[in-house]
Structures are given as structure tokens and as C-alpha cells.
Q: 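Quick one: the structure is below, and I'll ask about it shortly.
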Amino acid sequence: MKIGIIGAGSFGTALGSILADKGYEVTLWTRSEEQARSIGVNHINNKHMPDLVLPDKLGASTNLIDVVKDKDMIVSAPPSHALSGILQQIKDHIPPKVPIVSASKGIENESLRLVSEIFESELPGQFHSQLSYLSGPSFAKEMVKRVPTIVSIASKNEATAKRVQEIFSFTYFRTYWTPDVVGVEVGGAIKNVIAIAAGVADGLGFGQNTRAALITRGLNEITRMGLKMGADPMTFLGPSGMGDLVLTCCGEASRNRTVGFRLGKGEKLKDILGSMNEVAEGVKTTLSAKNLSDKLGVEMAITNEVYRMLYEDKDPKEVVKALMGRDLKREGV
């Protein structure tokens, strides 16, 4: 089996590492000639994982079309804001009837489309039954180190979901399939916003009580948005819901939590983002989630306050006061 992976960031590399570890021939797409050589020759992603050795069957190329042509499966893992342009470039070169797996998380700023909606808008209808979406509590470096991990595979087509589930499942990587594409997408996107808030709380020196409060109320916001968009509420208790939320809010390897932590310590957002070599999806997703919640009439207090902090330069301490001073209400509302 030959597999092409679009994106040689940490997560694309980690997914490629698992598949190559299983014995598949995997090629990552990267824009960088230096990165492609490092992965292909030295089996090291010099930009994102310089301390980890990758499987021999994992290679890289800077030719996007070559990465998708004549493959038996395509995995898409670029930042969500770059996805639409990439799909427009490859749609005429995707082999027929191969599984297409998305691992991007986010909501497009201008259109407010979920990643699944971007795929269905940009790719011809003949590909729609082949689409699936991977999400769950999975830090890339731990995956490369073969740490036991579980994720969700969502697809509207059961046969596609089960095929992708079978391809990805391995001794240290377990997958669960679900038909709830919307729930998996909403959970994977908005958990990054809540993780920024959790990082801010940690940066301000608050304790475990505060983090637990943000995770609990954050899950409430994610569920409320998901239900409004037609998701199954049980999805948010699974890997792509609570699982991913807990990991991203608590794990020090979380880029979004790191952004929040540094904001809580008093750094400016521009300086934080300028010092990072990977995208913290939650920053752009905050804008989208805020606008989508306004459009759909869904109350999302944490998301709104994170938006004011990121886009209106509100003091993190004032954000905490605003959240704690809200009107009292019944649990679950």
C-alpha cells in the first residue's frame, strides 16, 4: 500500500510514522527541500522532531501532485486555513475510490465552514463517500514514540470509516469509528479555544480547581454548539470530545495551552506566535467560533472572553473576573 500525506508538521509526521511502522510506503508533502532531504536521508524531521528517528519507509517530497498521484490512501494534515487552496490544487489528481483522511482541526475564518464542509465544497461529489476525519487525544511526539493512543475516525460512509479504521489500527494506535462527522469536527476545533483559556489560568498561577472548571464548562460550550449543528451528544464524551479536550487543556506539549500560558504570564500574542514554528489552531478558530456562535445564537462565554483577549487585547485578569461574575444559573445551561 502506498500512502500520501499532505503536511509534514508534527501531526502529519506522526501519522506517517505509524503507517510506515506498519509497513506501508508513506510519502509526506513538505514545502521545504531541506526538510524533505532530512526526512528521506536521515529519517529525522529536522524542523519539528529533531530528536526522534522516523521509520525507514517514511519519505518526503516537495511535489504536491506526486504525493497524491497513484496512492492507495491520502491523509490530509495541513493547517485548516491552508486546506481550501491545497484541495483546489490536487482535486484533479486524486485517484478514484481511495480513502481520503483529514486530520486538520479548525473552522475557516471567512466562510465559517468546518473542515468537513471545506472538503465537500472543494472536492467533486464522486469523492464524498471516501472522506473521513481523524481526531482524538494524540500528541504527535508520543505517537512517534509508540505510546498507546486512541482516536476517532468519523465518516458518513460506514465502509469508508471501517476501512480507514483497519488501516490505521496498530499495536499502539487504536481507532474507534463513528458516523458523527459534525460532532468530531466541532470537538476537535473548539477544544483548542478552551485550551487557550486553560493555559491562561495556569499562566496566572491558578490551580487545578480552575482548570477543572474550564474543562467542564468548556465541554458544555462544545456540546451546545455541536447539538445546534446536529451532532450526537454522546460524541462529546468520547476520544474526540472529552478525551481531546482534557489532553489539550492539561498537556504541556499543547501548542494552544502554551499560547494561553504565555498570555497569562504577560506576553503579547504577536510575540508568542512569532516565536512558534507550528500553528496554534486555536487562535484562528477563536475568531471563527465566536462568529459562528453569534450566527447560530449559541451562548459561549469562555469562547467570547478568549476572543476579547486575543482580538481586543483584554487583560487576562479581567477575563477571569468576567467569567466568574456572570449571572448564576442552573448546571448544564
Side-chain angles (χ1 to χ4, degrees), residues 9-10 78-83 104-115 185-206 210-211 213-222 224-226 244-326:
S10 293
S80 59
H81 64 263
L83 178 60
S104 301
K105 298 176 180 179
I107 303 170
E108 196 171 50
N109 281 162
E110 294 78 17
S111 68
L112 304 182
R113 294 183 295 181
L114 300 175
V115 167
E185 291 278 275
V186 170
I190 299 179
K191 58 93 182 180
N192 286 328
V193 180
I194 307 304
I196 292 175
V200 168
D202 290 343
L204 289 170
F206 299 141
T210 311
R211 185 186 295 171
L214 286 166
I215 291 172
T216 304
R217 294 304 299 175
L219 183 64
N220 187 282
E221 290 191 12
I222 292 169
R224 206 156 43 228
M225 174 65 83
D244 209 3
L245 179 63
V246 169
L247 181 71
T248 313
C249 287
C250 300
E252 293 186 3
S254 165
R255 294 190 294 273
N256 294 285
R257 178 192 171 276
T258 297
V259 168
F261 183 82
R262 292 173 65 178
L263 284 168
K265 289 293 187 182
E267 294 186 55
K268 294 297 183 183
L269 180 63
K270 181 180 178 181
D271 297 330
I272 296 169
L273 298 182
S275 69
M276 300 177 74
N277 69 351
E278 286 198 271
V279 175
E281 288 276 15
V283 175
K284 289 182 179 292
T285 300
T286 296
L287 175 61
S288 303
K290 194 268 184 192
N291 289 336
L292 186 59
S293 68
D294 289 345
K295 178 182 177 180
L296 298 179
V298 178
E299 183 181 3
M300 300 181 73
I302 298 172
T303 299
N304 285 339
E305 288 301 323
V306 173
Y307 167 82
R308 293 186 180 103
M309 185 170 51
L310 297 180
Y311 291 94
E312 297 177 358
D313 203 28
K314 186 171 183 177
D315 188 316
K317 294 186 180 68
E318 295 302 315
V319 166
V320 176
K321 289 181 182 178
L323 288 172
M324 293 301 290
R326 296 173 65 235

Q: Rounded to the nearest 0.5 Å, how far apart are OG1 of T216 and CZ of R211?
A: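 CZ of R211 is found 12.5 Å from OG1 of T216.
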Q: If we ignore hydrogens and angles and just use 3.5 Å, is the side chain of S104 paired with the main-chain N or O of P78 as donor and acceptor?
A: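 Pair found, side chain donor or acceptor close to backbone of P78.
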Q: I need the minimum non-hydrogen distance between R257 and C249, along with the two atoms involved.
A: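 R257 and C249 have their closest heavy atoms at CD-O, 3.4 Å.
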Q: For the residue pair V246 and I215, what are the closest heavy atoms and their distance?
A: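 Looking at all heavy atoms of both residues, the shortest contact is CG2-CG2, 4.2 Å.
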Q: Determine whether the side chains of S275 and R262 contain a donor N or O and an acceptor N or O closer than 3.5 Å.
A: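 A donor-acceptor contact under 3.5 Å links the two side chains.
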Q: Check step by step if side-chain hydrogen bond (donor to acceptor under 3.5 Å, both in side chains) holds for E108 and S288.
A: CA-CA 6 Å; E108 196 171 50; S288 303; over 6 Å; no
Q: Give a yes or no on whether the backbone of G282 and the side-chain of N256 come within a donor-acceptor separation of less than 3.5 Å.
A: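 Yes: the side chain of N256 pairs with the backbone of G282.
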Q: What's the spacing between Y307 OH and S293 OG if we round to 0.5 Å?
A: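 Taking OH in Y307 and OG in S293, the distance rounds to 10.5 Å.
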Q: Look at atom NZ of K284 and say whether more than 12 heavy atoms of other residues, nucleotides or ligands are closer to it than 6.0 Å.
A: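 Incorrect, the count does not exceed 12.
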Q: Quick one: CG on L219 to CG on L214, what's the gap to the nearest 0.5 Å?
A: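 Interatomic distance, L219 CG to L214 CG, rounded to 0.5 Å: 12.5 Å.
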Q: Start with the C-alpha gap between F261 and V200, add the side-chain angles, then the distance that decides, and say whether side-chain contact (heavy atoms from CB on, under 4.5 Å) holds.
A: CA-CA 5 Å; F261 183 82; V200 168; over 6 Å; no
Q: Any chance you could measure L83, atom CG, to R113, atom CZ, to the nearest 0.5 Å?
A: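 CZ of R113 is found 8.5 Å from CG of L83.
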Q: For E252 and T258, work out which heavy atoms get closest and say how close.
A: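 The pair with the smallest heavy-atom distance is O-OG1, 3.8 Å.
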Q: Answer with yes or no whether the side chains of S80 and E281 bring together a donor and an acceptor at under 3.5 Å.
A: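 There is such a pair between these side chains.
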Q: Compare every heavy atom of R255 with every heavy atom of V279, then report the nearest pair and how far apart it is.
A: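 Closest pair (atom of V279, atom of R255, distance): O-NE, 2.8 Å.
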Q: To the nearest 0.5 Å, tell me how far H81 NE2 sits from I107 CD1.
A: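 Rounded to the nearest 0.5 Å, the NE2-CD1 separation comes to 15.0 Å.
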Q: What residues, two or more places apart in sequence or in another chain, satisfy side-chain hydrogen bond (donor to acceptor under 3.5 Å, both in side chains) together with K317?
A: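 Counting only residues at least two positions away or on another chain, K317 forms no side-chain hydrogen bond (donor to acceptor under 3.5 Å, both in side chains).
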Q: T303 and side chain to side chain donor-acceptor pair (under 3.5 Å): which partner among K290, R308, E221?
A: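 The passing option is E221.
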Q: If you look at every heavy atom in L263 and L269, which pair is closest and at what distance?
A: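 In this case the closest contact between L263 and L269 is CD2-N, 3.9 Å.
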Q: List the steps, then state whether side-chain contact (heavy atoms from CB on, under 4.5 Å) holds for S254 with L247.
A: CA-CA 8 Å; S254 165; L247 181 71; over 6 Å; no
Q: Decide whether R224 and N220 meet the rule of one side-chain donor and one side-chain acceptor closer than 3.5 Å.
A: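 Yes - a donor-acceptor pair under 3.5 Å links their side chains.
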Q: Please report the shortest heavy-atom distance between I222 and V186, naming the atom on each side.
A: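 For I222 versus V186, the nearest heavy atoms are O-CG1, 3.8 Å.
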Q: Between K191 and T248, is there a side-chain donor-acceptor contact under 3.5 Å, judged purely by atom types and distance?
A: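 Yes, K191 and T248 have a side-chain donor paired with an acceptor closer than 3.5 Å.
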Q: Check the pair E278, S10 against side-chain contact (heavy atoms from CB on, under 4.5 Å), reporting the backbone distance first and the verdict last.
A: CA-CA 8 Å; E278 286 198 271; S10 293; 2.6 Å; yes
Q: Picking from L114, D244, T285, what satisfies side chain to side chain contact (heavy atoms under 4.5 Å, CB included) with K105?
A: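 The side chain to side chain contact (heavy atoms under 4.5 Å, CB included) with K105 is passed solely by D244 among L114, D244, T285.
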Q: Charged N to carboxylate O below 4.0 Å: is that the case for K314 and E305?
A: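 Here K314 pairs with E305 in a salt bridge, since their nearest N and O are under 4.0 Å apart.
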Q: Please report the interatomic distance CG(L204) to OG1(T210), rounded to the nearest 0.5 Å.
A: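 Interatomic distance, L204 CG to T210 OG1, rounded to 0.5 Å: 9.5 Å.
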Q: Check whether any side-chain heavy atom of V193 sits under 4.5 Å from a side-chain heavy atom of M300, and report yes or no.
A: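 No - every pair of side-chain heavy atoms lies 4.5 Å or more apart.
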